[in-house]
Every structure is written in C-alpha cells, then in structure tokens.
Amino acid sequence: LEFQGLQTGDLPALAEQLPAVTTLDLSMVGITTQGSNGFLDAFANLDTLSISGNQLASLPGPVLRMRHLQRLDMQYCDLHSATSLYPLLTRARLRSLDLGYNEIRAFNPPDFGVLETLDLRYNRLTEWPAGVWQTPQLTMRTSTSSSRGSSSSMGSIEKCPPFSRITAAEIFIACPL
C-alpha cells in the first residue's frame with residue numbers, strides 16, 4: 001500500500017484491521033507521531049514500513065506492536081534520539097533499519113538482535129555504536145562528515161572513505177582504530 005508523497009497529513013483511525021497488508025509506504029505524507037497512531041494500529045502484520053520524510057521526532061507507538069516488522073525506513077524524520085527504536089531491535093525480527101539524515105547524536109541499543117543493515121548516514125554521531133563490533137552479521141552505512149559540512153570524529157575512522165558500506169569485521173581491516 002503506497003501513499004508516498006500524497007501530503008495527506010495525519011490519517012484517520014481505521015475501523016477495521018488490514019492483516020493482508022504487509023508493506024506500507026507513508027513517506028512524505030505529513031503524518032505526525034501522535035496523529036498517525038490510530039491509522040498505524042490497523043497494520044499489525046507489516047513486514048516493511050517506510051515513514052521517511054515526516055516530522056516525527058520519535059517512533060509512533062503502534063510500530064512497536066508490529067510483530068512481523070523486518071524493515072523500517074525513517075530517513076529525514078527529525079529524530080534527535082533513537083531510544084524509542086531500541087525495543088524493535090531486541091525482538092529478533094527487524095533486519096533493516098534506515099535512520100539516515102536525522103539529528104541522532106548516539107546510537108547505543110542494548111542489543112542489535114538480528115539486524116543486518118543499519119544506515120546512520122548524516123546524523124550527528126561522534127562515536128561508533130556500542131556493540132557494533134560484537135555483531136558480525138551487521139552491515140553499517142555511515143559517513144564521517146555531517147550534512148552540515150563539519151567533520152565528525154568517530155575514533156580513527158577519518159581514514160575511511162565517506163559513505164563506507166562495511167561490515168564490523170571489515171572496519172578493523174580498512175580503518176584500524
């Protein structure tokens with residue numbers, strides 16, 4: 001189900017559940033964190049959700065109840081903190097998380113679960129996420145400079161090319177700390 005770019009604003013609560021819908025794209029529709037709750041409650045069986053380009057500031061509550069969610073895209077959502085997302089990682093289902101182009105300063109979940117792809121490009125991170133070295137299946141996408149042009153120092157990763165797509169094991173080889 002795709003609403004991308006329709007500029008609907010907050011969507012109404014639905015009277016019926018839509019269990020057959022497994023992919024929902026609400027990118028750039030203008031939803032808010034609280035204003036999207038009733039609508040998102042109808043999609044408990046999603047495996048893919050894109051809510052990029054909305055001024056959310058945090059994860060809408062119903063997303064935490066999506067038991068089958070494997071991919072979540074939240075680029076350009078004005079996120080300053082990622083702590084509301086951490087419960088998704090410990091459920092052992094989420095495999096891909098895209099948080100690029102936000103304002104996140106730290107990403108340190110207690111566990112990465114089965115996450116395979118993590119995109120943190122153009123945030124305000126100053127250090128590698130804690131635990132990334134103990135997560136061999138994880139491929140991280142990050143940059144060494146922010147979108148504002150200022151360089152961020154994440155250990156000794158300034159030796160790495162920007163927008164590196166490397167696994168934790170490759171970081172040791174390409175970018176020794």
Side-chain angles (χ1 to χ4, degrees), residues 22-25 27 33 40 43-54 56-148 150-177:
T22 59
T23 301
L24 180 60
D25 189 345
S27 299
T33 304
L40 288 172
F43 300 95
N45 291 336
L46 291 182
D47 60 38
T48 302
L49 174 62
S50 181
I51 50 180
S52 294
N54 294 294
L56 297 173
S58 68
L59 185 69
V63 178
L64 292 172
R65 296 186 290 277
M66 294 177 180
R67 299 176 312 273
H68 306 288
L69 193 63
Q70 292 184 34
R71 178 185 173 98
L72 177 61
D73 294 331
M74 288 187 73
Q75 287 189 0
Y76 297 101
C77 285
D78 198 32
L79 295 174
H80 290 262
S81 172
T83 56
S84 65
L85 297 141
Y86 295 168
L88 288 175
L89 299 175
T90 59
R91 290 209 192 118
R93 288 222 190 272
L94 194 66
R95 297 192 179 285
S96 176
L97 180 58
D98 188 344
L99 299 174
Y101 303 91
N102 281 291
E103 302 291 325
I104 299 169
R105 293 186 182 276
F107 190 82
N108 293 307
D111 182 343
F112 284 92
V114 295
L115 195 65
E116 295 171 355
T117 305
L118 175 60
D119 191 333
L120 293 169
R121 287 176 299 154
Y122 290 105
N123 275 282
R124 295 184 175 265
L125 299 175
T126 56
E127 60 186 40
W128 287 102
V132 71
W133 312 120
Q134 292 78 36
T135 312
Q137 82 277 2
L138 181 63
T139 299
M140 277 188 59
R141 187 164 181 156
T142 188
S143 61
T144 56
S145 61
S146 73
S147 60
R148 290 134 203 98
S150 63
S151 180
S152 65
S153 174
M154 293 171 62
S156 295
I157 64 165
E158 62 272 358
K159 297 176 186 171
C160 298
F163 307 108
S164 299
R165 185 165 179 84
I166 50 182
T167 64
E170 290 170 329
I171 290 169
F172 286 117
I173 297 166
C175 313
L177 293 178

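Heavy atoms only: backbone and side chains are in, while hydrogens, waters and symmetry mates are out.
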*Check the pair Leu88 / Leu115 against side chain to side chain contact (heavy atoms under 4.5 Å, CB included), numbers first and verdict last.*
CA-CA 10 Å; Leu88 288 175; Leu115 195 65; over 6 Å; no
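- Proximity of Leu40 to Val63: side-chain heavy atoms (C-beta onward) are separated by under 4.5 Å at one or more points.
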*Run the side chain to side chain contact (heavy atoms under 4.5 Å, CB included) check on Leu69 and Arg71 step by step: do they pass?*
CA-CA 6 Å; Leu69 193 63; Arg71 178 185 173 98; over 6 Å; no
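- Proximity of a side-chain donor or acceptor of Asn54 to a complementary backbone N or O of Leu56 within less than 3.5 Å is not detected.
- Looking at every heavy atom in both residues, Asp111 comes nearest to Gly113 through OD1-N, 2.5 Å.
- Across Leu46 and Thr23, no two heavy atoms sit closer than the pair CD2-N, 3.7 Å.
- Ser81 contributes a side-chain N or O that, together with a main-chain N or O of Thr83, makes up a donor-acceptor pair within less than 3.5 Å.
- The side-chain contact (heavy atoms from CB on, under 4.5 Å) search around Arg105 returns Arg124, not counting sequence neighbours.
- Note that OH of Tyr76 and CG of Asn102 are 9.5 Å apart. Values are rounded to the nearest 0.5 Å.
- Between Leu72 and Leu94 there is a side-chain heavy-atom pair separated by less than 4.5 Å.
- Distance check, rounded to the nearest 0.5 Å: CG of Asp73 to CG of Asp25 gives 8.0 Å.
- For the atom pair NE2 of His68 and CD of Gln70, the computed distance is 10.0 Å after rounding to the nearest 0.5 Å.
- Phe112 and Tyr86 have their aromatic ring centers separated by at least 6.0 angstrom.
- A pairwise comparison of heavy atoms in Tyr101 and Asn123 identifies N-ND2, 4.0 Å as the closest pair.
- In this structure, Asp98 contributes its side chain and Gly100 its backbone to a donor-acceptor pair below 3.5 Å.
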*asked:* Let's go through Ile104 and Leu125 carefully: what are the C-alpha distance in whole Å and the side-chain angles of both, what is the deciding distance for side chain to side chain contact (heavy atoms under 4.5 Å, CB included) to 0.1 Å, and is it a yes or a no?
replied: CA-CA 6 Å; Ile104 299 169; Leu125 299 175; 4.1 Å; yes
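- At least one side-chain heavy atom of Glu127 sits under 4.5 Å from a side-chain heavy atom of Asn108.
- Each of Asp119, Leu89, Thr117 was scored for a side chain to side chain contact (heavy atoms under 4.5 Å, CB included) with Leu97, with one residue passing: Leu89.
- Looking only at side-chain heavy atoms (C-beta outward), Ile51 and Pro60 come within less than 4.5 Å of each other.
- Under the rule for a side-chain contact (heavy atoms from CB on, under 4.5 Å), the partners of Ser58 that lie at least two apart in sequence or sit in another chain are Thr33, Ser84.
- Residues Gln75 and Ser52 come closest through the heavy atom pair N-OG, 2.9 Å.
- Contact detail for Leu79 and Leu99: the closest heavy-atom pair is CD1-CD2, 3.8 Å.
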*Residue pair Leu118, Thr139: steps toward the side chain to side chain contact (heavy atoms under 4.5 Å, CB included) verdict*: CA-CA 6 Å; Leu118 175 60; Thr139 299; over 6 Å; no
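- Here the CE-CG distance, from Met74 to Leu59, works out to 5.5 Å after rounding to the nearest 0.5 Å.
- Side chains of Val114 and Arg93 form no contact here, defined as non-hydrogen atoms less than 4.5 Å apart.
- With values rounded to the nearest 0.5 angstrom, Gln137 atom CD is found 7.0 Å from Glu116 atom CD.
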